[in-house]
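Read through the structure below, which is laid out as structure tokens, and then see the notes.
Note on naming: letters A, B, ... go to the chains in the order of the sequence lines (proteins, then strands), and numbering restarts at 1 for each one. Because only heavy atoms are used, hydrogens play no part in the values below, and waters and symmetry mates are left out as well, while side chains stay in.
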2 protein chains.
Amino acid sequence: MSVATESLGLDEMFGERSSPSKSNSDSRRDILVTAANCFRENGFSATSIDDVAHALRATKGRIYHHFRSKTDLFFAVYRMGMEINFRATEPHTRGDAPALLKLARMSVAHSIALMREQSFQRVLAQGVALHQQGSTTAAQRETLSELIDIRNSYEALFRKAIEAAAQQHKIKLSDPSIASKSFLAVLNSTVFWYSPREDNPHAEQLAIARELVTYALRGIGADMPDEALTFMEQSNDE
Amino acid sequence: MSVATESLGLDEMFGERSSPSKSNSDSRRDILVTAANCFRENGFSATSIDDVAHALRATKGRIYHHFRSKTDLFFAVYRMGMEINFRATEPHTRGDAPALLKLARMSVAHSIALMREQSFQRVLAQGVALHQQGSTTAAQRETLSELIDIRNSYEALFRKAIEAAAQQHKIKLSDPSIASKSFLAVLNSTVFWYSPREDNPHAEQLAIARELVTYALRGIGADMPDEALTFMEQSNDE
DNA sequence: TTGACAACATACTCGGTAGTATGTTCCTCT
DNA sequence: AGAGGAACATACTACCGAGTATGTTGTCAA
């Protein structure tokens, strides 16, 4: 499902130790993907474990064999969604390209990953909502704030890139915090209105990403560098 | 609660006929405000009617006397939230000010209303989520799409203002639809991270609104007109 | 071959919750 | 003054859904 687990340096961050039993990991992954779709369609608390099991053509037993509780399942889906984002974005933070170009490439990669993995991204949105609300147990609350930390570190990736670009290109950011929040708000907005077209949505997604990044960069007073889209040949897997 | 119901032309849009019994309307309004807070804190399906009743220091009977179902209550809260937004924004769409100035004033008013009435705004966000998901009965589905229509007409208010400003100031919008979606995404982003400070949050909210509108306007290639904030003397009610 | 364990399925409990049915109080109109 | 209804509270039902306890099947290792 285009969520290839290559050996990047992020594995230990998400605790995805390459387990010896292959089928076990596959089954778990199928549950995560199916659960992500259910959570997207019905929301967390409106989705029952039986719903996920039915979508899997299985029963609760299978899910509870892999996850301790419904909340645990949700957290695992959240982790996987964040992992997708990191794998898409983090490679572009390195290298010695100009800061603005790096920022633009990060943004395009993030935006496209967002549209390609809609289910997981909506779960991420629900995750922050759950955080603003009150979790049940203390352990869950701790795990949740750990997930929020991961998200914050992801947003910090963008914030640093924005500030680096601003410094290098002599842009004045009156409030870097609000600027980066607005920046990501634009990129993330597709979650609320985008739904993929038929056949090959890749061209459409690329065009939308280009529009969004152009808008977001203008907001901080920068122009979209044309080379920002030239790295996109790699994105044909499967 | 700073939701004054003056006689604007919007009343029939929301069916808030000025009923003769005063206490009835007040009680209903209290339920809506309390329900909005509960929905904000726990989400729709995680909030029970008994929760709302408890927060009201009352019982279910009171709520079910005014609303047929939990979904009806949610819809009423949604309507009230949209009404707040319309009352804040719509006055600035009229008049013969320059298009860009009108757009800026609408945006500032919208942004501040968003921060002042957090509870209702989060319910609005949940409403679109519910729409993307599947409602239960057919009647609810119809009502929900009616509410989405109201929201769309509200967004159309901004889209028209953006296009008018673009035309009048000779700005090139490569994709007006995405531009307006991004524009509103920036203004609405406070829902996810803003929480009011102590005492008088008005100055803080105004500063944030100024930042957001500046960012959003830059995204479409326009500069924030300084007169956009001069209308804000009226906002001291209660 | 067997025993042990993984990977499920089946069958059940039990607390919570939407909705209803029915009382009770107070006000208002005639 | 009394009849009727609005505005609730109380008591109850019926069901759903999270979690558990236990059974079943395959597999692999010794």
Walk along nucleotides 17-25 of chain C from 5' to 3' and tag each nucleotide B, S or - by protein heavy-atom contact under 4.0 Å, base first, then sugar-phosphate.
SBBB-----
May I ask you to verify if any side-chain N or O of A/T59 is less than 4.0 angstrom from the OP1 or OP2 atom of C/dC8?
no
Check the distance between C/dC8's P and A/D26's CG and give it to me in whole angstrom.
11 Å
Ignoring hydrogens and geometry beyond distance, is a side-chain donor-acceptor pair present between A/D51 and A/S48 at under 3.5 Å?
yes
Under 4.0 angstrom between B/H66 side-chain N/O and D/dC8 OP1 or OP2:
yes
Can a cation-pi geometry be assigned to B/K181 and A/F192, taking NZ or CZ under 6.0 Å from the six-membered ring centre and within 45° of the ring axis?
no
Rounded to whole Å, the CZ-P distance (B/F67 to D/dC8) equals 11 Å
Specify the separation, in whole Å, of atom NE2 of A/H54 and atom P of C/dA9.
13 Å
Test item: side-chain donor near acceptor, B/Y194 and B/S189, under 3.5 Å:
no
Below the 4.0 Å mark, does D/dA7 have OP1 or OP2 next to a side-chain nitrogen or oxygen of B/H65?
yes
CG (A/L114) and CG (A/N85) are apart, to the nearest 0.5 Å, by 6.5 Å
Rounding to an integer number of Å, can you tell me how far A/R62 CZ sits from D/dT25 P?
19 Å
Taking all non-hydrogen atoms of both residues into account, name the closest pair between B/F44 and B/K70 and its distance.
O-NZ, 3.1 Å
Does B/N188 use its side chain to pair, donor to acceptor, with the backbone of B/L184 at less than 3.5 Å?
yes
To the nearest angstrom, how far is B/L56 atom CG from D/dA7 atom P?
15 Å
